[in-house]
Amino acid sequence: MEKTFQPAEIETRWYDEWEARGYFAPQGGEKAYSIMIPPPNVTGSLHMGHGFQEAIMDALIRYHRMAGYNTLWQVGTDHAGIATQMVVERQLEAQGISRHELGREKFVEKVWEWKEQSGGTITRQLRRLGSSLDWSRERFTMDEGLSNAVQEVFIRLYREGLIYRGKRLVNWDPVLHTAISDLEVISEEEQGHLWHFNYPLAGGEGHLTVATTRPETMLGDAAVAVHPEDERYAHLIGRMVELPLTGREIPVIADDYVDREFGTGCVKITPAHDFNDYEMGKRHGLPMINILDDDAAIGGEAPEAYLGMDRFEARRKIVADLDALGLLEKIEDHTLKVPRGDRSGIVIEPYLTDQWYVDARELAKPAIAAVENGDITFVPKQWENTYFAWMRDIQDWCISRQLWWGHRIPAWYDDKGNVYVGESEESVRAENHLADEMSLHRDEDVLDTWFSSALWTFSTLGWPEETEELKIFHPSSVLVTGFDIIFFWVARMIMMTLHFRKEVPFHTVYVHGLVRDAEGQKMSKSKGNVLDPIDLIDGIELEELVQKRTAGMMQPQLAAKIEKTTRKQFPDGIAPYGTDALRFTYFSLASTGRDVKFDIGRIEGYRNFCNKIWNAARYVMMNCEGEDCGQDESLPIERSLADRWIVSKLQETEADVARAFASYRFDLASQALYEFIWNEYCDWYLELSKPVLWDENASPEAKRGTRRTLIRVLETWLRLLHPMMPFITEEIWQTVAPLAGKSGETIMLQPYPVADPGAMDSAANADIEWLKGVIVGIRNIRGEMNIPPGKELTVLMKNGSDEDQRRLTENAPFLKKLARLKEVTWLAATDEAPVAATALVGELEILVPMAGLIDKDAELARLAKEVDRLEQELKRVQGKLSNSAFVDKAPAAVVEKEREKMQAQEQALQQLQEQERRIRQM
RNA sequence: AGGACUAUAGCUCAGUUGGUUAGAGCGCUACCUUGACAUGGUAGAGGUCCCCAGUUCGAAUCUGGGUAGUCCUACCA
């Protein structure tokens with residue numbers, strides 16, 4: 001074995017092997033366990049957040065696969081309608097080709113080409129992360145099968161009256177030329193203005209003043225509203241005002257939606273361009289006056305003078321025109337929330353168009369019930385509240401998108417505008433007895449990508465066919481996802497699956513935190529702080545990283561800043577850490593929190609952990625290879641205290657890890673493993689094995705026992721660790737397993753270790769704790785007294801119990817080796833002890849004679865520190881025990897514990913003070 | 001505006017039903033190339049558990065209030 005762990009070569013070698021041998025596919029077994037991957041965008045690439053999520057799913061999958069479940073991790077990607085179309089459109093633009101010149105069919109072909117070309121990035125990344133996905137079942141939302149499912153669902157919902165078409169106000173993206181759902185609109189505070197305009201009263205006496213943040217919409221005003229109880233304006237209700245620049249007259253209406261305190265208390269009402277005004281318009285029977293076109297330029301029923309102007313240009317012009325007419329009252333600075341498309345970043349316009357909707361309210365009812373009655377549980381539980389809050393106030397879901405890339409809506413129109421929904425034009429004609437000569441045209445729109453993702457858990461398994469896979473693997477076991485898509489995806493999956501399958505899509509929703517950078521900032525391309533998990537695995541030069549972060553930016557002016565922060569944060573680029581270290585870092589950060597700050601220091605620590613594992617295995621192999629490791633169980637063995645102890649600790653660790661996995665606490669699982677492997681197995685057990693293995697006088701039984709424990713415990717914890725660190729464990733396991741009497745092609749398919757309470761040994765634990773106490777006590781004296789580590793010491797023990805004496809007798813060789821002792825002597829009560837530095841283990845005094853070794857003042861200082869600490873403690877405990885309220889009311893066991901503590905402390909204090917006295921007399 | 005979450009060592013975070021000497025990793029200090037490992041070993045320093053009040057014999061933990069921060073939802077033209 002190499003002296004240091006070199007992950008790069010090992011990782012790809014093993015992944016290829018696993019995949020080639022088909023280990024990722026379901027292996028049978030009574031109980032099924034399945035996870036459907038949240039499908040990433042097929043043309044995108046994975047970032048740190050994905051890496052985190054994949055690592056968690058893979059750990060769960062590997063854990064359950066080893067635990068004997070019939071395990072499926074379904075892989076696939078989605079077509080990401082808007083995002084992908086945008087990318088391809090931009091590529092074409094760069095060549096001077098517009099999408100419209102190309103035509104729909106050709107354009108879609110180009111998108112497929114792009115998908116073929118770039119689609120490999122994601123799957124390559126997934127493989128590098130070690131994800132044990134069943135590649136043989138890979139799906140894509142635009143595949144024929146999944147497309148059939150989408151069409152089937154659309155048609156059925158339509159026939160059930162749960163999908164309808166209507167002219168409504170939608171969020172219109174004037175750049176992408178499509179409607180988007182509420183969830184795709186991001187509203188953030190921006191600095192703007194509040195313009196106050198005077199609208200003259202019809203008939204010529206006086207005016208009303210309205211305030212608006214979007215002056216251009218005044219062209220579409222249909223009324224001015226005041227509060228019905230607002231005395232200032234009561235006399236005007238029912239009057240008409242002259243709408244400037246338009247030549248129209250509009251009424252003054254009363255509606256209690258109006259806030260009397262805001263602005264002037266008069267609101268201009270533009271039903272076709274504002275969601276609130278739209279509702280009010282419907283209440284009052286106002287006309288919907290559209291004044292925009294698809295580009296959000298002035299159009300529709302706007303006055304001739306403004307037609308064709310961009311909306312912001314029109315804004316300036318209208319303000320100027322009103323000012324010229326003396327109707328501009330004032331302009332105030334105003335902070336307002338501006339709605340922007342999450343993809344295009346452009347200001348969204350409420351816009352009146354024909355769209356398709358899903359009646360979400362109806363579908364939400366059983367979806368709410370499923371979480372209420374526990375059929376689906378969220379982990380952590382608090383996310384259920386988020387889910388309920390949204391679901392109980394759900395809005396109908398606009399599912400049509402004016403895009404070319406996606407599932408085209410299966411609806412046809414005749415010349416009169418009648419709609420026919422069906423599988424194809426032929427079937428529509430047949431079902432509706434339409435004459436062949438009647439012309440039909442298909443709806444141009446496609447469905448929201450989330451519409452197909454909502455079917456993901458069952459469409460990937462072959463639905464609408466009743467496949468065997470559906471029977472076995474649906475509902476899936478758990479959905480692993482971030483809270484940012486609870487509404488987008490989780491809720492919609494639950495609704496759709498319950499409706500079409502009459503069962504839940506998954507039993508558990510595990511909601512993990514969102515990965516942020518070291519400063520707690522969300523990682524985003526525009527901030528330039530994204531990290532590619534592969535760059536942490538393979539490492540990356542600074543120049544390349546800068547290049548990567550500043551390439552292809554939407555806002556090139558930010559490049560300089562990004563370059564600067566990148567150079568500051570990673571002055572030497574990123575070192576290669578390997579997949580196992582990255583994964584372990586993810587797990588260690590996967591606690592219940594909402595944010596996961598990724599700190600580069602953590603991964604370095606776990607890279608070192610990998611190296612530690614590697615070297616521990618090296619040590620074991622050096623001592624076991626070619627030796628009798630007790631594979632032949634008929635031969636006698638003798639197990640040392642350390643052997644029994646480490647086996648016992650292993651059981652505890654197995655129990656801890658099982659508990660952690662069951663509660664999705666990957667941080668606790670990783671911590672339990674780290675602690676056991678490094679702090680128990682490496683720090684203590686390997687050291688304790690040396691006195692046996694290196695002792696020429698040790699019996700063959702003892703050596704056999706130690707080797708067997710050494711190798712078997714190692715083999716077991718490799719399996720225990722494998723779901724979290726798949727590569728290093730496989731690599732080592734291959735050489736270790738035969739010596740541990742195990743056979744098998746891969747660690748992946750070995751049984752997962754289960755704790756055996758019968759192997760827990762509290763007596764061994766206590767003895768080892770004692771041994772550690774003595775060793776640490778001596779090391780402490782050594783350290784604080786600056787005694788060279790190599791210097792062998794003579795140690796005396798005094799005032800010990802029979803138990804202490806037994807422990808010393810049994811463990812003297814270990815003690816001598818680990819504490820570097822020449823001699824240990826047990827003093828009888830009557831023996832006179834020399835002046836010595838002292839450590840206490842219970843009542844037992846460990847004495848390191850001072851002659852020639854130890855500085856009097858240093859030892860006094862050391863003792864004083866210890867005495868001081870004990871006195872503080874004692875004071876606290878005494879205070880507690882002298883409080884009658886405590887003694888009377890606290891449980892007897894607690895009081896008793898405090899009493900024991902006090903006695904021990906008093907005893908220790910006395911012994912140390914005696915020492916102090918003796919040393920002073922020197 | 002409503003709601004949620006967070007606040008523990010210099011940094012990133014654990015802390016289960018109230019009883020611990022409040023822990024880990026990283027970082028820091030000192031010493032050490034001892035035959036698995038310097039990506040290492042040994043020892044050590046470092047905390048007003050955000051603040052205030054309450055409940056309790058006892059609070060990092062429970063309750064109320066405050067402060068700071070993060071996020072979500074809905075939005076007033």
Side-chain angles (χ1 to χ4, degrees), chain A residues 1 3-5 187 194-195 210-214 217 225 257-259 261-270 274-277 334 336-337 380 382-383 385-386 389-390 393 483-484 486-487 514 516 518 520 522 575 577 581 585 588-589 591-623 659 663 665 667-668 671 674-675 679 682-683 686-687 690 694 776 779-784 786-790 820 869-870 872-873 876 880 883-891 893-895 897-898 901 905:
Chain A
M1 285 170 83
K3 194 171 171 182
T4 53
F5 174 53
S187 292
L194 196 56
W195 285 270
V210 298
T212 181
T213 54
R214 295 189 296 154
T217 62
Y257 157 80
V258 178
D259 179 354
E261 308 300 318
F262 190 91
T264 58
C266 298
V267 194
K268 58 189 274 309
I269 303 300
T270 322
D274 181 279
F275 288 100
N276 289 308
D277 293 5
H334 182 67
L336 73 162
K337 295 248 184 159
Q382 81 228 20
W383 291 110
N385 292 330
T386 309
W390 191 70
D393 186 33
F483 58 82
D484 51 335
I486 289 181
F487 307 144
L514 260 39
R516 294 163 186 284
K522 199 168 166 177
Y577 296 107
T585 309
S588 72
L589 296 170
S591 64
T592 56
R594 228 176 29 181
D595 297 326
V596 176
K597 275 196 230 178
F598 195 88
D599 181 11
I600 205 90
R602 292 293 289 257
I603 193 173
E604 196 177 329
Y606 294 121
R607 191 261 327 251
N608 296 352
F609 180 47
C610 289
N611 192 56
K612 190 75 182 175
I613 289 168
W614 186 258
N615 278 290
R618 231 157 61 89
Y619 166 82
V620 174
M621 290 308 293
M622 285 165 75
N623 284 284
R659 208 172 11 250
S663 53
R665 287 299 302 271
D667 60 327
L668 298 182
Q671 206 191 332
Y674 184 96
E675 222 172 280
N679 302 346
C682 293
D683 284 352
L686 293 189
E687 295 307 320
K690 289 174 185 175
W694 296 354
V776 167
R779 282 178 181 169
N780 180 287
I781 291 171
R782 223 186 244 283
E784 302 225 346
N786 284 319
I787 299 172
R820 284 231 160 201
R869 195 185 61 79
L870 270 172
Q872 297 284 332
E873 262 310 297
R876 262 183 31 150
K880 235 175 177 178
N883 178 356
S884 62
F886 171 71
V887 180
D888 293 346
K889 295 194 183 173
V894 173
V895 177
K897 208 171 132 195
E898 291 298 312
K901 206 190 282 177
Q905 282 163 356

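In what follows, chains are A, B, ... by sequence order, proteins preceding strands, each numbered from 1. When reading the values below, keep in mind they use all heavy atoms of this one structure, side chains included, and skip hydrogens, waters and symmetry mates. Quick caveat, the model's predicted, so the values are computed rather than measured.
In this structure, A:Arg602 contributes its side chain and A:Leu589 its backbone to no donor-acceptor pair below 3.5 Å. Checking side-chain atoms of A:Asn883 against main-chain N and O of A:Ala885 turns up a donor-acceptor pair under 3.5 Å. Not a single donor-acceptor pair under 3.5 Å links the side chain of A:Asn780 to the backbone N or O of A:Val776.
Rounding to the nearest 0.5 Å places CH2 of A:Trp195 at 11.5 Å from NZ of A:Lys268. One finds the OG1 atom of A:Thr217 at 10.0 Å from the CD1 atom of A:Ile269 (value rounded to the nearest 0.5 Å). Considering CZ of A:Arg779 and CD1 of A:Ile787, their distance stands at 14.0 Å, rounded to 0.5 Å. To the nearest 0.5 Å, atoms SG (A:Cys610) and OH (A:Tyr577) are separated by 12.5 Å.
Note: OH (A:Tyr257) to C1' (B:A74) measures 12 Å, nearest angstrom. In this entry the distance linking CZ of A:Phe483 with P of B:C72 reads 7 Å, nearest Å. Between the P atom of B:A74 and the CG atom of A:Asp393 lies a distance of 8 Å, rounded to the nearest Å. Atom CD in A:Glu261 sits roughly 15 Å away from atom P in B:A1 (whole-Å rounding). Note: OH (A:Tyr674) to P (B:A24) measures 11 Å, nearest angstrom. Taking atom CG of A:Asp484 as the reference point, atom P of B:C5 lies 18 Å away to the nearest angstrom. Note: CZ (A:Arg516) to C1' (B:C5) measures 12 Å, nearest angstrom.
Counting non-hydrogen atoms under 4.0 angstrom, A:Asp259 reaches a base of the nucleic acid. If you check every strand for non-hydrogen atoms under 4.0 Å, A:Thr213 touches sugar and phosphate atoms only. Base contact: A:Ala211 has a heavy atom under 4.0 Å from a base atom.
Nucleotides B:A77 and B:U12, compared at atom P, are 37 Å apart to the nearest Å. Separating the C1' atom of B:G69 from that of B:G46 is a span of 25 Å, rounded to the nearest Å. Separation of the C1' atoms belonging to B:C75 and B:A7 is 29 Å when rounded to the nearest angstrom. Comparing B:U8 with B:U73, their P atoms sit 27 Å apart, to the nearest whole Å. Separating the C1' atom of B:G23 from that of B:C49 is a span of 12 Å, rounded to the nearest Å. To the nearest whole angstrom, the two C1' atoms, one in B:A24 and one in B:G19, are 23 Å apart. Remark: the separation of the C1' atoms in B:C11 and B:C57 is 38 Å, to the nearest Å. Taking atom C1' in both B:U39 and B:G27, the straight-line distance is 16 Å, to the nearest Å.
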**Complete:** Per-nucleotide protein contact along nucleotides 30-41 of chain B, 5' to 3', at a 4.0 Å heavy-atom cut-off (B base, S sugar-phosphate only, - neither), is ----BBBBSBSS
**Request:** At under 4.0 Å between heavy atoms, which parts of nucleotides 10-21 of chain B does protein reach? Answer with one letter per nucleotide, 5' to 3': B base, S sugar-phosphate only, - none.
**Result:** --BSSS---BSB
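With RNA chain B read from its 5' end, the first of the two nearest nucleotides for A:Phe275 and A:Asn385 is the one closest to A:Asn385. Summary of the strand contacts: A:Ala885 and A:Asn780 both lie near RNA chain B, and taking for each the nucleotide with the nearest heavy atom, the more 5' one is attributed to A:Asn780.
For A:Val267 against A:Val210, the heavy-atom pair with the smallest separation is C-CG1, 4.3 Å. Nearest heavy atoms, A:Lys3 versus A:Asn615: O-OD1, 3.2 Å.
Ring pair A:Tyr606/A:Tyr674: centre-to-centre distance below 6.0 Å.
Residue A:Arg594 places its side chain closer to B:U70 than to any other of B:A74, B:U70, B:C57.
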**Prompt:** How does RNA chain B look in dot-bracket form if you count Watson-Crick and G-U pairs under 3.5 Å, write [ ] for pairs that cross, and put | where a base pairs with another strand?
**Reply:** (((((((..((((.....[...)))).(((((.......))))).....(((((..]....))))))))))))....
**Request:** Go through A:Leu686 and A:Val620 one step at a time and tell me if the side chain to side chain contact (heavy atoms under 4.5 Å, CB included) criterion holds.
**Result:** CA-CA 8 Å; A:Leu686 293 189; A:Val620 174; 4.2 Å; yes
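The shortest distance between side-chain heavy atoms of A:Lys880 and A:Val895 does not fall below 4.5 Å.
Classified by interplanar angle (parallel below 30°, tilted 30° to 60°, perpendicular above 60°), the ring pair A:Phe5/A:Trp614 is tilted.
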